[in-house]
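Letters A, B, ... mirror the listed sequences (proteins, then strands); counts begin at 1. Worth knowing before you read on, the calculation uses all heavy atoms, side chains too, and leaves out hydrogens, waters and symmetry mates.
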There are 2 protein chains.
Amino acid sequence: MSKTYSISELATEFDVTTRSIRFYEDQELLRPARRGQTRIYSSKDRVRLKLTLRGKRLGLSLAEIRELFELWDETRSGSEKQLQLMLAKIGERRAALEQQMKDITMVQLELESAEIRCRQALEELNQKRSDEQRPRASG
Amino acid sequence: MSKTYSISELATEFDVTTRSIRFYEDQELLRPARRGQTRIYSSKDRVRLKLTLRGKRLGLSLAEIRELFELWDETRSGSEKQLQLMLAKIGERRAALEQQMKDITMVQLELESAEIRCRQALEELNQKRSDEQRPRASG
DNA sequence: GACTTTCTTTACGTTAACGTAAACTTGTTT
DNA sequence: AAACAAGTTTACGTTAACGTAAAGAAAGTC
């Protein structure tokens with residue numbers, strides 16, 4: 001018996017609403033089992049949810065994520081064409097990720113220098129203030 | 001005289017539609033000059049567009065991007081409160097970027113192993129095929 | 001001067017990713 | 001039994017980020 005999860009357990013763990021989780025199922029990103037009407041999520045489902053959210057953070061649409069899942073499932077018993085397609089998709093993703101990496105390092109550099117400038121501006125403000133508090137020899 | 005650009009020049013350079021560029025202006029991300037009705041973009045505008053698109057690739061909304069622009073403008077003549085606010089925003093962004101970096105490296109690792117498995121599956125297919133072509137000593 | 005191109009404004013349409021509400025079932029706590 | 005919590009389906013509403021179409025102005029070209 002491997003562990004299972006309720007919808008609200010997953011919701012609180014990953015900080016998403018149950019509405020979202022059901023929506024992901026509607027978009028065929030998840031296929032939880034049922035006991036009666038109630039959804040029961042396996043740890044495999046949990047991984048899928050985790051991957052889904054990670055994909056979202058990287059800017060993938062739900063449709064793209066689904067496509068990757070499907071391709072990956074087909075890869076197991078895949079024909080040569082499907083394997084090639086998967087490789088192509090993987091290549092695309094990798095290229096996009098490298099672009100994102102570049103973007104991130106650029107923005108990080110910008111943020112860093114922005115932070116420095118901010119701190120300098122703050123220092124100058126403090127400087128002025130202490131100048132005003134003890135105005136000794138001034139013209 | 002520094003260089004200026006037409007809307008379509010920028011559109012083709014950055015591979016976006018003119019509609020998008022005008023929309024960004026509507027959202028106050030850009031403030032091009034005018035000659036008559038016609039928009040004229042400075043190199044400063046060009047930089048802003050570039051930053052906007054980069055922000056988008058990183059998953060920022062136009063509203064967030066605008067907010068950052070505004071904060072940055074205010075930073076020049078900023079009060080202490082505004083500077084502190086800017087520093088806070090910068091901190092947020094940096095944290096989000098680090099999370100994204102982690103996400104990316106995770107996915108990169110997954111894609112790498114996925115690629116390996118794909119190539120292995122392909123090899124096995126080729127193996128089978130050449131086995132079938134010259135079925136020598138079998139059983 | 002008619003044509004074409006490039007630009008403009010105005011405005012309605014569209015898609016993704018949920019939010020929100022209503023009405024119902026099922027289990028369990030008082 | 002009544003109330004409560006947690007789950008369900010159905011369905012309409014919402015927001016962001018444009019797409020698309022209509023209709024017209026300004027400038028260059030044949």
Side-chain angles (χ1 to χ4, degrees), chain A residues 3-42 45-46 48-70 92-93 96 100 103, chain B residues 3-42 45-46 48-70 92-93 96 100 103:
Chain A
K3 205 183 172 187
T4 64
Y5 308 83
S6 77
I7 193 169
S8 51
E9 278 177 328
L10 290 186
T12 58
E13 175 175 0
F14 292 109
D15 196 34
V16 293
T17 65
T18 58
R19 175 69 178 92
S20 298
I21 296 181
R22 293 199 195 93
F23 184 73
Y24 297 157
E25 178 178 351
D26 197 55
Q27 302 301 304
E28 300 181 64
L29 293 173
L30 302 173
R31 297 183 189 280
R34 299 268 177 150
R35 182 173 47 205
Q37 298 205 105
T38 308
R39 278 163 250 250
I40 300 179
Y41 296 87
S42 68
D45 291 320
R46 206 189 78 118
R48 281 223 161 184
L49 179 55
K50 193 186 226 169
L51 290 175
T52 298
L53 297 176
R54 188 179 287 156
K56 286 206 60 180
R57 285 198 300 268
L58 295 180
L60 300 195
S61 71
L62 297 184
E64 287 172 314
I65 296 171
R66 174 190 163 184
E67 196 185 6
L68 286 176
F69 282 167
E70 284 178 353
E92 276 179 33
R93 280 287 109 222
Q100 275 203 39
D103 284 339
Chain B
K3 204 183 175 190
T4 64
Y5 308 83
S6 77
I7 192 169
S8 52
E9 277 177 329
L10 290 185
T12 59
E13 174 175 0
F14 292 109
D15 196 33
V16 293
T17 65
T18 58
R19 175 71 179 90
S20 298
I21 296 181
R22 292 199 195 94
F23 184 73
Y24 297 156
E25 179 179 351
D26 198 56
Q27 301 301 302
E28 301 182 63
L29 294 172
L30 302 173
R31 297 183 188 280
R34 299 269 177 151
R35 181 172 49 205
Q37 297 206 106
T38 308
R39 280 163 248 250
I40 300 180
Y41 297 87
S42 68
D45 292 320
R46 205 189 80 119
R48 281 223 163 185
L49 179 54
K50 193 188 226 170
L51 291 176
T52 298
L53 296 176
R54 188 180 286 158
K56 287 205 60 181
R57 286 198 299 267
L58 296 179
L60 300 194
S61 72
L62 298 185
E64 288 172 315
I65 296 171
R66 174 190 163 184
E67 197 184 6
L68 287 175
F69 282 167
E70 284 179 353
E92 277 179 32
R93 279 288 110 222
Q100 275 202 41
D103 284 339

*asked:* With a 4.5 Å cut-off on side-chain heavy atoms, are B/F69 and B/T52 touching?
replied: yes

*Quickly work out the A/I65 CD1 to C/dA16 P distance and round it to whole Å.*
14 Å

_Nearest whole Å is fine: how far is D/dC18 P from B/L49 CG?_
11 Å

*asked:* Strictly below 4.0 Å: does B/S8 bring a side-chain N or O up to OP1 or OP2 of C/dC7?
replied: yes

*Calculate the interatomic distance between A/D26 atom CG and D/dA11 atom P; express it in whole Å.*
13 Å

*Does A/T38 place a side-chain N or O at less than 4.0 Å from the phosphate oxygens OP1/OP2 of D/dT8?*
no

*Whole angstrom value for the distance that separates P of C/dC7 from OH of B/Y5*: 16 Å

*Check whether any side-chain nitrogen or oxygen of B/Y24 sits under 4.0 Å from OP1 or OP2 of D/dC18, and answer yes or no.*
yes

*Does C/dC7 have OP1 or OP2 sitting under 4.0 Å from an N or O in the side chain of B/T18?*
no

*Upstream residue (5' side of DNA chain C) when A/L60 and B/S6 are each assigned their closest nucleotide*: B/S6

_Closest non-hydrogen atom pair, A/R66 against A/Q27_ = CD-O, 3.4 Å

*Phosphate-side-chain proximity, B/R19 and D/dT20, N/O vs OP1/OP2 below 4.0 Å*: no

*N/O (side chain, B/T17) to phosphate O (OP1/OP2, D/dG19) under 4.0 Å*: yes

_Any side-chain heavy-atom pair of B/R93 and B/L68 under 4.5 Å_ = yes

_I need the CD-P distance between A/E25 and C/dA17, as an integer number of Å._
17 Å

*For residues B/R48 and B/Y41, determine if any side-chain heavy atom of one lies less than 4.5 Å from a side-chain heavy atom of the other.*
no

*Quick one: on DNA chain C, does B/Y41 or A/L62 contact a more 5' nucleotide (nearest heavy atom)?*
B/Y41

_Heavy-atom closest pair, residues B/E64 and B/G59_ = OE1-O, 4.3 Å

*Of the candidate nucleotides D/dC18, C/dG19, D/dT8, which contains the atom at the shortest distance from the side chain of A/S20?*
C/dG19

_Using a 4.0 Å heavy-atom cut-off, does A/R35 contact any base of the nucleic acid, only the sugar-phosphate backbone, or nothing at all?_
nothing

*Nearest-Å distance for atom pair CZ/C1', residues A/R34 and D/dG7*: 10 Å

_So, does A/K56 get its side chain near the phosphate of C/dA16, meaning an N or O under 4.0 Å from OP1 or OP2?_
no

